[in-house]
Amino acid sequence: MILTPLLTLLSTTTATLGKILYAGVNESGGEFGVFGVKGQGLPGRFGVDYAFINKTTVDIFVDQEKINFFRVTFLMERMAPLAFGLGARFNETYFSEYEDAINHITLTKGAYALIDPHNYMRYNDPSSQPFSGSVIGNTSDPTAATTKQFGEFWGELARRFRTNPKVVFGINNEPHDMPTQLILQNNQAAINAIRAAGAPQLILAPGNGFTGGHAWTQVTGANDAPSSEFLNKMVDPLRNTAIDVHEYLDIDFSGSHDECTQPGPSNLANLTTWLQQNHLKAVISEFGGGNNQNCFQFIDDLLNYLASNDVYIGWSIWAAGPIWGTASPCCGEDTGSLEPGQFNDLGQPDAFTTVWANAVRPNIPKNLKRSGVSSLS
């Protein structure tokens with residue numbers, strides 16, 4: 001089959017208002033338990049060091065909040081253990097635990113699940129993420145996994161989920177400080193492998209600079225080309241690949257501060273133009289804000305902007321998850337997680353009661369995609 005560049009394959013609609021197909025939340029926890037010491041927590045203990053979802057939480061989000069989208073994290077070092085190396089040989093226990101979470105979201109609840117290898121396009125040492133580990137495909141690093149191995153990994157993962165229409169494949173979380181051309185090569189290897197495995201579902205491909213939307217047309221590392229120079233060169237025979245974007249609203253775009261000072265609409269303007277020019281779509285799979293009126297307004301502005309521009313088809317806020325406890329995954333130490341029924345570090349209701357209720361719930365579209373294979377439309 002002749003492969004045609006995505007920029008000539010993926011079409012956008014001409015409607016004035018966009019259509020958000022996917023709206024939801026990140027489920028973080030599968031990457032826990034490894035931080036601080038190299039090799040710590042590998043493979044780890046399910047329910048102690050790491051966990052993927054609380055099924056009751058997913059039920060609340062689907063049944064009461066009416067969302068349809070969950071981004072579920074995992075570690076490649078657990079899925080493809082270091083003893084095997086990155087590739088098609090998996091830790092079957094870890095995979096079965098992850099598959100159970102994905103199946104609950106998709107088969108039991110009928111929502112869509114974004115599979116998220118939370119690795120920053122690095123492999124072999126997650127102890128100090130996002131900076132530890134060898135860059136995948138770095139031929140000058142003898143310890144690095146190769147682009148070919150990355151493709152083999154994705155081929156096996158896609159093979160296992162190819163009959164589940166509600167799955168979305170997220171190639172990797174937040175690549176950064178690496179050649180943007182290498183990100184293109186790794187993305188293309190994943191796309192090729194996913195399609196070769198017979199999986200037709202939507203793929204989300206990240207860019208450089210932690211895949212930040214505000215920096216899409218900028219140099220983000222030491223001589224790293226802007227994402228805009230390479231991410232329009234991907235090819236997908238099924239015309240079902242979109243751009244994976246993260247966009248936090250605090251001063252340094254990190255999501256670690258409780259005040260919002262970076263306006264999403266103006267900071268995404270260059271990305272929006274690039275998407276339009278290249279006939280591409282995007283999903284904002286991470287964003288967040290603190291528990292204050294300032295951030296409620298910034299989140300509202302962001303979500304309204306996405307809904308008004310037809311190049312954006314979805315969003316998911318960071319983050320819920322089963323073992324956050326009173327810790328805050330985003331936007332100030334007192335915000336707390338988005339896990340329903342929990343508390344922040346001050347013993348007050350967490351972000352589900354504050355941030356979600358005030359800024360997210362009012363912006364959940366009523367006409368989300370509810371059936372069919374995950375896709376651009």
Side-chain angles (χ1 to χ4, degrees), residues 18-30 52-73 101-116 164-170 201-202 204 242 244-247 255 264 281-289 295-296 299-300 302-308 312-322 324 329-331 335-342 349-377:
K19 183 176 181 181
I20 298 297
L21 302 175
Y22 310 98
V25 66
N26 282 260
E27 290 284 344
S28 169
F52 301 111
I53 63 170
N54 279 323
K55 292 180 179 179
T56 54
T57 292
V58 171
D59 295 352
I60 290 170
F61 275 122
V62 174
D63 297 339
Q64 299 178 25
E65 302 300 316
K66 306 301 181 183
I67 66 170
N68 72 333
F69 191 58
F70 298 83
R71 180 173 181 252
V72 188
T73 65
I102 299 301
N103 285 346
H104 183 78
I105 291 168
T106 58
L107 303 182
T108 302
K109 303 306 297 182
Y112 291 85
L114 173 54
I115 291 176
D116 170 36
N164 187 335
K166 295 295 188 73
V167 161
V168 179
F169 299 118
Q201 298 98 318
L202 177 63
L204 298 188
D244 190 3
V245 176
H246 292 178
E247 191 64 18
K281 305 276 192 179
V283 171
I284 308 297
S285 68
E286 274 193 37
F287 68 94
C295 281
F296 298 164
I299 292 173
D300 184 74
L302 171 66
L303 295 181
N304 274 285
Y305 178 81
L306 301 183
S308 299
Y312 298 102
I313 61 170
W315 49 260
S316 55
I317 188 170
W318 186 268
W324 277 104
C330 173
C331 312
T335 297
S337 77
L338 288 161
E339 189 74 7
Q342 302 300 308
D350 69 0
F352 179 75
T353 299
T354 57
V355 178
W356 182 275
N358 286 282
V360 180
R361 185 182 293 148
N363 288 292
I364 299 171
K366 299 187 183 303
N367 59 340
L368 296 171
K369 184 178 177 70
R370 301 291 179 182
S371 62
V373 178
S374 59
S375 65
L376 297 168
S377 60

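Index from 1, following the sequence. None of these values were measured; they are calculated from a predicted model.
Side-chain atoms of Val168 and Ile115, non-hydrogen and from C-beta on, never get closer than 4.5 Å to each other. You'll find the side chain of Asn103 reaches within 4.5 Å of the side chain of Asn164, heavy atoms only. Using a 4.5 Å cut-off on side-chain heavy atoms (C-beta onward), Asp244 and His246 make contact. Residues Arg361 and Lys66 are not in side-chain contact: their nearest non-hydrogen atoms beyond the backbone lie 4.5 Å or more apart. Between Glu27 and Arg71, every side-chain heavy-atom pair lies at or beyond the 4.5 Å cut-off. Between Lys166 and Leu107 there is no side-chain heavy-atom pair separated by less than 4.5 Å. With a 4.5 Å cut-off on side-chain heavy atoms, Phe169 and Leu204 do not count as touching. Contact of the Tyr22 side chain with the Ser285 side chain is not registered, since no non-hydrogen atoms from C-beta on lie closer than 4.5 Å.
The closest donor-acceptor contact from the side chain of Asn68 to the backbone of Leu21 lies under 3.5 Å. Of the possible donor and acceptor atoms, one in the side chain of Glu339 sits under 3.5 Å from a partner among the backbone N and O of Gly321. In terms of modelled atom types and a separation under 3.5 Å, the side chain of Asn304 and the main chain of Asp300 share a donor-acceptor contact.
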Open item on the list: I'd like to know whether Leu376 forms a side chain to side chain contact (heavy atoms under 4.5 Å, CB included) with Leu202, so could you lay out the CA-CA distance, the side-chain angles of the two residues, the decisive distance to 0.1 Å, and finally the verdict.
Closed with: CA-CA 7 Å; Leu376 297 168; Leu202 177 63; 3.8 Å; yes
TODO: Using the side chain to side chain contact (heavy atoms under 4.5 Å, CB included) rule, take Leu114 and Val72 through it: C-alpha gap first, then chi angles, then the decisive distance, then the call.
DONE: CA-CA 6 Å; Leu114 173 54; Val72 188; over 6 Å; no
Open item on the list: Walk me through whether Val58 and His104 qualify under side chain to side chain contact (heavy atoms under 4.5 Å, CB included).
Closed with: CA-CA 8 Å; Val58 171; His104 183 78; 4.0 Å; yes
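Note that the CG atom of Asp59 and the CG atom of Asn54 stand 10.0 Å from one another [nearest 0.5 Å]. Separation of atoms CG (Leu306) and CD1 (Ile20) is listed at 5.5 Å; rounding is to 0.5 Å. Separating the CD1 atom in Ile364 from the CG atom in Leu303 is a distance of 9.5 Å, to the nearest 0.5 Å.
If you check the side chains of Asn26 and Glu286, you find no donor sitting under 3.5 Å from an acceptor. In summary, the side chains of Ser374 and Gln201 do not present any donor paired with an acceptor at a separation below 3.5 Å, with no hydrogens or angles considered. Donor-acceptor pairing under 3.5 Å is lacking for the side chains of Asp116 and Thr73.
Ring planes of Trp318 and Trp324: perpendicular class, angle over 60° (limits at 30 and 60°). Taking the six-membered ring for Trp and thresholds of 30 and 60 degrees, Phe70 and Phe61 have ring planes more than 60 degrees apart, a perpendicular arrangement.
Evaluation of the disulfide bond (SG atoms under 2.5 Å apart) rule for Cys295 yields Cys260 as partners, not counting sequence neighbours. Residues forming a salt bridge (charged side-chain N to carboxylate O under 4.0 Å, His left out) with Lys369 (at least two apart in sequence, or on another chain): none.
The shortest non-hydrogen separation linking Ala282 to Val245 is CB-CG2, 4.2 Å. The heavy-atom pair separating Cys330 from Gly289 by the smallest distance is SG-N, 3.9 Å. Across Ala23 and Ile67, no two heavy atoms sit closer than the pair O-CB, 3.1 Å.
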Expected list for residues 351-358: side-chain donor-acceptor pairs under 3.5 angstrom, two or more places apart:
{"residue": "Thr354", "atom": "OG1", "partner": "Asp350", "partner atom": "O", "Å": "3.3"}
{"residue": "Trp356", "atom": "NE1", "partner": "Glu65", "partner atom": "OE1", "Å": "2.8"}
{"residue": "Asn358", "atom": "ND2", "partner": "Thr354", "partner atom": "O", "Å": "2.7"}

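Side-chain rings of Phe69 and Tyr112 stay apart, their centers remaining 6.0 Å or farther from each other.
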